[in-house]
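Source: prediction; values computed, not measured. Throughout, a chain's letter reflects where its sequence line sits, starting with A, and its residues are numbered from 1.
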Amino acid sequence: MDFRDTPEEAAYRAEVRTWLHANAQPRTSDEQRFGEGLDDAERISAARVWQRRKAEAGYAAITWPREWGGSGGTAMQQVIYGQEEERFLVPRMVFENSIGQCLPTVAMWAAPAVRERHVPRGIVGDEIWCQLFSEPAAGSDTGGIRTRAERHGDEWLINGQKVWTSGAHFCDYGILLARSDWDKPKQKGLTMFIIDMKAPGVEIRPIHQMSGDTEFNEVFLTDVRIPDANRLGEVNGGWKVMLSTLMHERLAIGGHLPTHLHRNLIQVARTARWNGRPALDDERVKERIANAFLSQHGVELIIARGLTALSQGKEPGPEMSILKLVAGRGILDIAGFALEMAGPEGLVAHQDLGREWSFLQQLWLSAPGIRLAGGTDEILRNVVAERVLGLPGEIRTDRELPFRELER
Amino acid sequence: MDFRDTPEEAAYRAEVRTWLHANAQPRTSDEQRFGEGLDDAERISAARVWQRRKAEAGYAAITWPREWGGSGGTAMQQVIYGQEEERFLVPRMVFENSIGQCLPTVAMWAAPAVRERHVPRGIVGDEIWCQLFSEPAAGSDTGGIRTRAERHGDEWLINGQKVWTSGAHFCDYGILLARSDWDKPKQKGLTMFIIDMKAPGVEIRPIHQMSGDTEFNEVFLTDVRIPDANRLGEVNGGWKVMLSTLMHERLAIGGHLPTHLHRNLIQVARTARWNGRPALDDERVKERIANAFLSQHGVELIIARGLTALSQGKEPGPEMSILKLVAGRGILDIAGFALEMAGPEGLVAHQDLGREWSFLQQLWLSAPGIRLAGGTDEILRNVVAERVLGLPGEIRTDRELPFRELER
Amino acid sequence: MNFDFSDDQRLLAQEVRRMLAETSTSTEIRRVLAGHATHSADVWNNLVGMGAAAAAIPEQFGGAGLGYLELCLIAEEAGRHLAPVPLASSFYLAAEALMRSGNEEQQQRWLPRIAGGDVIATAALADAEAWSTGPAPVFADGRLSGRFAVVPDAMIAGLLVLRAGDTLVLVDPAAPGVARHAIATLDPTRPCGEVVCTDVAAQALCGGERGAALCERVLNAAAVLLAFEQVGGATRILEIARDYALQRKAFGRQIGSFQALKHKMADVYTANELARVHAYYGAWALSCDAPELPVAAAAARVAASVAFNRAAEEGIEIHGGIGYTWEMDCHLYMRRARYLAQLIGSEHAWRTRLADALIREAA
Amino acid sequence: MNFDFSDDQRLLAQEVRRMLAETSTSTEIRRVLAGHATHSADVWNNLVGMGAAAAAIPEQFGGAGLGYLELCLIAEEAGRHLAPVPLASSFYLAAEALMRSGNEEQQQRWLPRIAGGDVIATAALADAEAWSTGPAPVFADGRLSGRFAVVPDAMIAGLLVLRAGDTLVLVDPAAPGVARHAIATLDPTRPCGEVVCTDVAAQALCGGERGAALCERVLNAAAVLLAFEQVGGATRILEIARDYALQRKAFGRQIGSFQALKHKMADVYTANELARVHAYYGAWALSCDAPELPVAAAAARVAASVAFNRAAEEGIEIHGGIGYTWEMDCHLYMRRARYLAQLIGSEHAWRTRLADALIREAA
């Protein structure tokens, strides 16, 4: 057991760090984010530039095999790069779906020509990808997809609506799951496609979240044409393709949870008095600081277990589902407590009390979303119960019936 | 809205108090209990004496109608009597099942002669009753009862096993639910009987609880004969009879939860230092004291709501199920915290640290049982969800099949 | 023992509910949310016009002269419908302070105008010591100086009741030396302002020893009334979530048939009812000025803050993704829950008050 | 990054598990529970004989010279099987104190006898100031006076390590002035005694400034090792409950198919795994004497105490009524959880240590 870098890891880290110092500015505080003051188009454009620079240096797709244009590196190298990159003021997240899920799916399932067309451009930042799975009636139950894919010769005609499409408004392509056969049971009539997000019939509307953010979109699809060559996997074999995509998602998740929550809490409490004493002397405050650390460092350690599995050539299993359970609830509790400490002043938004406050407030507003995105707490508990603990699945009445007969 | 006694209630309370002072010793502390130092037989005998004295004074069955031999009083009077009696060193609990559930069931469902035979003797303490519903395979799912009742002319032959029979070893009679028809669905083949606990074939073994207590028993029934005259309600109509019994139980529950938990916590913390300061200055300790009060006074107020309903001539509804949810969890948390505060010393049993400690420790040991007895937390949450909030019932596959076909 | 409201009181509440259902609509609330209004004039005029807002103000001062029990039920309805009006500022806080401590002249001058809705008053009474990063306000020789970071409805108030130490003072917001500016908060449907007083002429509501007791009394009353708003809001968001869970399907079933959601809602219900009984007890203590009021008010505030925050959080979780969108009302409940829970000091400050009272009592 | 134990380490743990599964049976544990034995001699002899108990004691002192990682895994197995033996007393605490601070002569005298099982040693190291109702023990001029209320395995110990202030001292339990008597605790499977010293000759393990640091170090090591016992116990009781839920039927279904129980077990699993990763991190910090040890040990202790207490409580709840009977083993886990969680100071004392360390670190 060794948390420190192996000599190889240390060497890689040093190399990464040198490269980052030569190519980017270090962040000066935990809360500082790239792109403050830039508009959307400027941020995307900066992200494309940064992606190309990473690609040229071999950091764009570290773990991908060389035949896909990756660096053939280890998962650990990917993590080391991520840890180091986080200290710099560079665009992040924009290519996360592209590199993390969409392009690996394309690389695995597309015909060679299609793969050659897209994968190299994705890596260098020329094409950005999004994922179109969720629908208004297919959230936790992805099998409920109603977007219709009808085959007309060598083309498919797509009609329907997707939701929660991250970054749809700046993406060039997407992977789309649609229902190709309504007479098959729900999970057996789906097909996966590559969709051109600029194609006629694709209409994108931002979703206004309660946090004020609009990172997600609704995507309305009206008679969108997709050549059959852009199908991924077999007709009606989309469920299997989707599972492979989500497998990649699982590996990626958790990387963007805040790693310094207990420090924020300490920072906020350090300058204040609570009930006539320094706030940091109050045992309730200390209790929450300790709890914040337990959740947050726990999340890091769970990730470390997953990475250890990876580096041993295993796949992290369904037990990684506990990550988001710990993080989501932790964030809600910790951010909520931070606001509460200050009483009425905790209500003030975007205030003079400093970046820590603003950060904690935004966190409080995003916490309900964190508990939902990528699987609700309830879905994750089912995964743990069934796939880790071996308890029986939910009683299902919808699995074998033709989809069109399922009552809405 | 008025928490104080009405003039009538105040008058009743004064009368009760006068009578109690004339007939019993006041308790000198919250933790003092009747019968310390007495053996089982002595306690039961004292309870019979006390029951007779109450009966003579009209306090044995306050709310029962006069035709059953009760005092025809109000639920509020019953509560007032209970509140006052609690301050005195007298036997309690022994007749709880008799008066609270069994005899009302007998009074409602038995033939007149049987009722005349038993009800008056029950009130004056000559007969003590218990309830025989639960079985090893019929806990939360009472419908799973497998004790067999076979009719032979004017008699029934009973074979099977009951568990969790409170006080079976000192009871004279019981009400027994048994399966009289194995070809009917599970809830439709049950019949209720009066059983003589001293009859041949009744074997009673105490259940050793984790708390060290043995208030409950297993009851083994081998060819026990019950005359048909001792049947309660119709053949195969036992489910309905049982529901009427449980209705009475619901009204009785909650009366025996500790009402001074936060004071115990305060008492324990008052003399000690924690981390170099008086324990009562620690905000964590204060937080738990406040939480203890919220649970415990909350429980009292929920009961007050139930009583208000009663006194308005309504029946307290399924919303009273939250009582035990609040109390069970509260007790476990509060008693656990009390033990934790003292670190290693919190482990010492029956110790010099005083009655408060011993009380809190016993409470900690009983808390898991409180969460189970009279419906597990999970069953109670289902009741709230379905009967209060109107959410759908669980998917059932066992309701319509003949009982003998249900897989074990 | 009669731990319930009377039929007449329930009837009044029903009328208010009917009015609020018609006027305090999502559309109306969102006008304030978007900054197009400081409050809903319709709702406000109705609440004042019905005599509901001034239920606890005696008739001699232009109120309805009903009592606190009535006002509690009205507060529950206001909370239920997220009424975007200065009910707490003007009535639970400012009028309360005037009734409890103002002299005859102050009362005659202000209470009728508050009761009639001619003046919106507000107050900032949370103990500055509870959480402080700056100096506490000072009142001496009839002059007040200090910063009040979060004053509800400050921008529309015609009268300010402010706290300096244990003294409550009346300040005319138009007086020289008063600077106000609007601030953004987590609940834009209830606008707040910052008030900075620099050597401002102010009138003490009462001085000396009585001041501390007065502050306590006003805060305790407000705690009970806000608890009713919280119980109303918590009850409503649970109903909304329940209705959604009955209608929404996944995996071929109503999502409300999944035991995880059933039990989640049962737990929310349990917390709500715990808050409700503590609020009722607070109402009783308030209505008869019982010595139990400090304990009852603190218990009501803590239980209700916990319940509404939780009900609102789980309301979103039960809805799933759509519950997290701006268009759905779930977040309005989550914001209001937070606003109500922190306005007069957080549950933690009040838990300390509760414990201190219990420890004193057990001595 | 290699956040896992090695194959060799796992192999050792498997051997220990096999041995414990055969010897540390419910019957054997209940012999101690019933007071028929002070500990299981079989289990103890095996653990010592295999070299497992002395895994972290260097070979020069008669130990196996393996290391802390090995001892951690052995502790997990001991916790899993509720091993009724003085492993913590003799090895996590007493031997640890000797190794970290004894002089050569003390180490040579005691460590081989502890490692070989000839002497069972014990220690009482919890900070007397954490929770105190009486005077703290005093050590001066080679004499110790004071009361040690809860000393694990005190009645069978041939060597006592006791704490007076920040000094650890060695006491011969047979020395004049030492009075011991057995006490009943919530976990009778791990007997404890009270030790009262009246002017007893005692040897300092180390004095002065180093004392405080030493106490910390020994407590931190014990916290990590106990956390492994807790994780082992928590994991096992969850398995037992899961197995029961798969086998028991109600309402025509396995009770483990009800979502309420599924999610309860998922939550227990989550808490257990959180404890596990913190324990692993503690093991790493202990094994390489990392500066992170104080934070890691405190985090492991808090997370593991929370997890085992909760897993044991819910283990009973999942079983229903039968889980509450003396005959079922559920309560043995609940008792052991409590014992382990309080032995060297409760989760609350350790949470304070954790927060203090984090606050210092963030300064």
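With a 4.5 angstrom heavy-atom cutoff, I289(A) touches chain D via backbone and side-chain atoms both. Contact of E283(A) with chain D is made through the side chain alone, with heavy-atom distances under 4.5 Å. I359(D) touches chain A through backbone and side chain together, each having a heavy atom under 4.5 Å away. Neither the backbone nor the side chain of E239(D) comes within less than 4.5 Å of any heavy atom in chain A. Using a 4.5 Å cut-off between heavy atoms, S257(D) touches chain A through backbone and side chain atoms alike. For Y280(D), the parts lying under 4.5 angstrom from a heavy atom of chain A are both the backbone and the side chain. Within the 4.5 angstrom heavy-atom criterion, atoms from both the backbone and the side chain of F5(D) approach chain A. Of the two parts of R253(D), only the side chain, counted from C-beta on, holds a non-hydrogen atom closer than 4.5 Å to a non-hydrogen atom of chain A. Heavy atoms of L380(A) lying under 4.5 Å from chain D are absent altogether. Residue contact with chain A, scored on non-hydrogen atoms closer than 4.5 Å, involves the side chain of Q254(D) exclusively. With a threshold of 4.5 angstrom between heavy atoms, L325(A) approaches chain D through side-chain atoms but not through N, CA, C or O.
Of the charged side-chain nitrogens involved, at least one lies within less than 4.0 Å of a carboxylate oxygen, so that R305(A) and E273(D) count as a salt-bridged pair.
At least one donor-acceptor pair closer than 3.5 Å links the side chain of K262(D) to the backbone N or O of P392(A). Checked by atom type and distance alone, the side chain of R242(D) pairs as donor or acceptor with a backbone atom of L389(A) at under 3.5 Å. The main-chain N or O of L358(D) is never found under 3.5 Å from a side-chain atom of H262(A) such that the two would form a donor-acceptor pair.
Nearest approach of I266(A) to A362(D), heavy atoms of both residues: CD1-CB, 3.9 Å.
Ranked by non-hydrogen atom pairs under 4.5 Å with chain D, the options Q267(A), R288(A), E9(A) are led by E9(A). Looking only at heavy-atom pairs under 4.5 Å with chain A, the residue among V302(D), L274(D), V306(D) that has the most is L274(D). Of all the listed residues (I322(A), V384(A), L307(A), L301(A)), the one sharing the greatest number of non-hydrogen pairs under 4.5 Å with chain D is L301(A). Your options are F258(D), Y269(D), W350(D), and the one with the most heavy-atom pairs under 4.5 Å with chain A is Y269(D). Contact count against chain D (heavy-atom pairs under 4.5 Å) is highest for N291(A) among N291(A), I80(A), L265(A).
The aromatic rings of Y281(D) and H297(A) stand perpendicular to each other, their planes meeting at an angle above 60°, with 30° marking the opposite boundary.
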Exercise. Could you go step by step and tell me if D2(A) and F3(D) meet the side-chain contact (heavy atoms from CB on, under 4.5 Å) rule?
Worked result: CA-CA 6 Å; D2(A) 195 349; F3(D) 189 31; over 6 Å; no
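M1(A) CE to D4(D) CG: the interatomic distance, rounded to the nearest 0.5 Å, is 6.5 Å. A distance of 6.0 Å separates CD in E361(D) from CZ in R263(A), rounded to the nearest 0.5 Å. Between the CD1 atom in I302(A) and the CZ atom in R276(D) there is a gap of 11.5 Å [rounded to 0.5 Å]. Note that CD of E347(D) and CD of E287(A) are 8.0 Å apart. Values are rounded to the nearest 0.5 Å. Taking NZ of K286(A) as the start and CG of L354(D) as the end, the distance is 10.5 Å to the nearest 0.5 Å.
Under the 3.5 Å distance criterion, with hydrogens and angles disregarded, a donor-acceptor pair is assigned to the side chains of N382(A) and H263(D).
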